[in-house]
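Some notes on the structure that comes next.
Values in this document were obtained by computation on a predicted structure and should not be read as measured data.
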Amino acid sequence: MSKLNINGREHAVDLDPGTPILWTLRDTLGMTGTKFGCGAALCGACTVHLDGQAIRSCVTPIAAAEGKKITTIEAVTDGHDKVGAAVHAAWVKHDVAQCGYCQSGQIMSATAFLKSLPRGKRPSAAEIDAAMAGNICRCGTYARIRAAVADAARAIA
């Protein structure tokens, strides 16, 4: 039995400790906001936060999350997370999503990145590109993603 803190709530799951966080969230707990993309930690669609750090949930076992806090897209965009709310609003303002499949992972990476910056720091385009480089958007909305992250950084400054 593994005990996981997900979005501030405790969950006990009876799964093999090697089960990836992604499948625990989606198949066991019914939290489908986190997406499966490649299964090899290459595309970023499955990004969640583990103690505030963006991680790829498709390759991270639940054993690595015990005693830590998992945050998913559901919590970041529920309006209670100031940075997540700013990122979400910027995503809508800049009409980032096309097919939308990668967007939860993109938003999770952007939120973790902005939370890692010193208060009031406005990242350069190069810093945003570097932070978001691990997330693939097959629709190619990278310019809009960059603009949305920059806008969110201004909003939380």
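Under the 4.5 Å side-chain heavy-atom criterion for Ile, Leu, Val, Met, Phe, Trp and Tyr, Leu22 and Ile136 are members of distinct hydrophobic clusters. Hydrophobic clustering, with ILVMFWY side chains joined whenever heavy atoms are under 4.5 angstrom apart, keeps Ile55 apart from Val83. Linking Ile, Leu, Val, Met, Phe, Trp and Tyr residues whenever their side-chain heavy atoms come within less than 4.5 Å leaves Ile21 and Val76 in two separate clusters.
Taking every heavy atom of both residues into account, Ala152 and Leu114 meet most closely at CB-CD1, 3.7 Å. Taking each heavy atom of Asp129 and Arg146 in turn, the nearest pair found is OD1-NE, 2.8 Å. Between Asn5 and Gly8, the closest heavy-atom pair is OD1-N, 3.2 Å. Between Ala112 and Gly52 the shortest heavy-atom distance is CB-O, 3.9 Å. Annotation for Glu74 and Gly33: closest pair OE2-N, 3.0 Å, computed over non-hydrogen atoms. When all heavy atoms of Cys58 and Pro20 are compared, the pair lying nearest together is O-CB, 3.4 Å.
Ser109 meets the side chain to side chain donor-acceptor pair (under 3.5 Å) test with Asn135; sequence neighbours excluded. For the salt bridge (Lys or Arg N to Asp or Glu O under 4.0 Å) test, no residue two or more places apart in sequence or in another chain qualifies with Asp78. Evaluation of the side chain to side chain contact (heavy atoms under 4.5 Å, CB included) rule for Lys3 yields no partner, not counting sequence neighbours. In this view, Ser57 satisfies the side chain to side chain donor-acceptor pair (under 3.5 Å) rule with no residue, not counting sequence neighbours. Listed by chain and number, the residues in a side chain to side chain contact (heavy atoms under 4.5 Å, CB included) with Ala85 amount to none (sequence neighbours excluded). Residues satisfying the side chain to side chain contact (heavy atoms under 4.5 Å, CB included) criterion with Ile6, sequence neighbours excluded, are Leu4, His11, Leu25, Leu29, Met31, Ile70, Thr72.
Taken from CD1 in Ile73 to CG in Asn7, the straight-line distance is 10.0 Å, to the nearest 0.5 Å. From Lys68, atom NZ reaches atom CD of Gln53 across 10.0 Å, with rounding to the nearest 0.5 Å. With rounding to the nearest 0.5 angstrom, the OG1 atom of Thr60 is 7.0 Å from the CG atom of Leu50.
Under the ring-ring contact (aromatic ring centres under 6.0 Å, His included) criterion, no residue pair touches residues 101-146, with sequence neighbours excluded. Evaluation of the salt bridge (Lys or Arg N to Asp or Glu O under 4.0 Å) test over residues 22-51, restricted to residues two or more places apart or in two chains, returns none. Within the structure, every pair that satisfies the salt bridge (Lys or Arg N to Asp or Glu O under 4.0 Å) test and touches residues 112-127, not counting sequence neighbours, is listed here: Asp81-Lys115, Lys121-Glu127.
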Return all side-chain donor-acceptor pairs below 3.5 angstrom for residues 39-49, not counting sequence neighbours, or 'none' if the list is empty.
| residue | atom | partner | partner atom | Å |
| --- | --- | --- | --- | --- |
| Thr47 | OG1 | Gly44 | O | 2.7 |
| Thr47 | OG1 | Arg56 | NH1 | 2.8 |
| His49 | NE2 | Met108 | O | 2.7 |

Can you give me every donor-acceptor pair (side chain of residues 86-100, partner residue at least two apart or in another chain, under 3.5 Å) with its distance?
| residue | atom | partner | partner atom | Å |
| --- | --- | --- | --- | --- |
| Trp91 | NE1 | Gln103 | OE1 | 2.3 |
| Lys93 | NZ | Asp151 | OD2 | 3.1 |
| His94 | NE2 | Asp151 | OD2 | 3.4 |

Show me, pair by pair, the donor-acceptor contacts under 3.5 angstrom made by side chains of residues 12-19, not counting sequence neighbours?
| residue | atom | partner | partner atom | Å |
| --- | --- | --- | --- | --- |
| Asp16 | OD1 | Gly18 | N | 2.6 |
| Thr19 | OG1 | Asp16 | O | 2.8 |

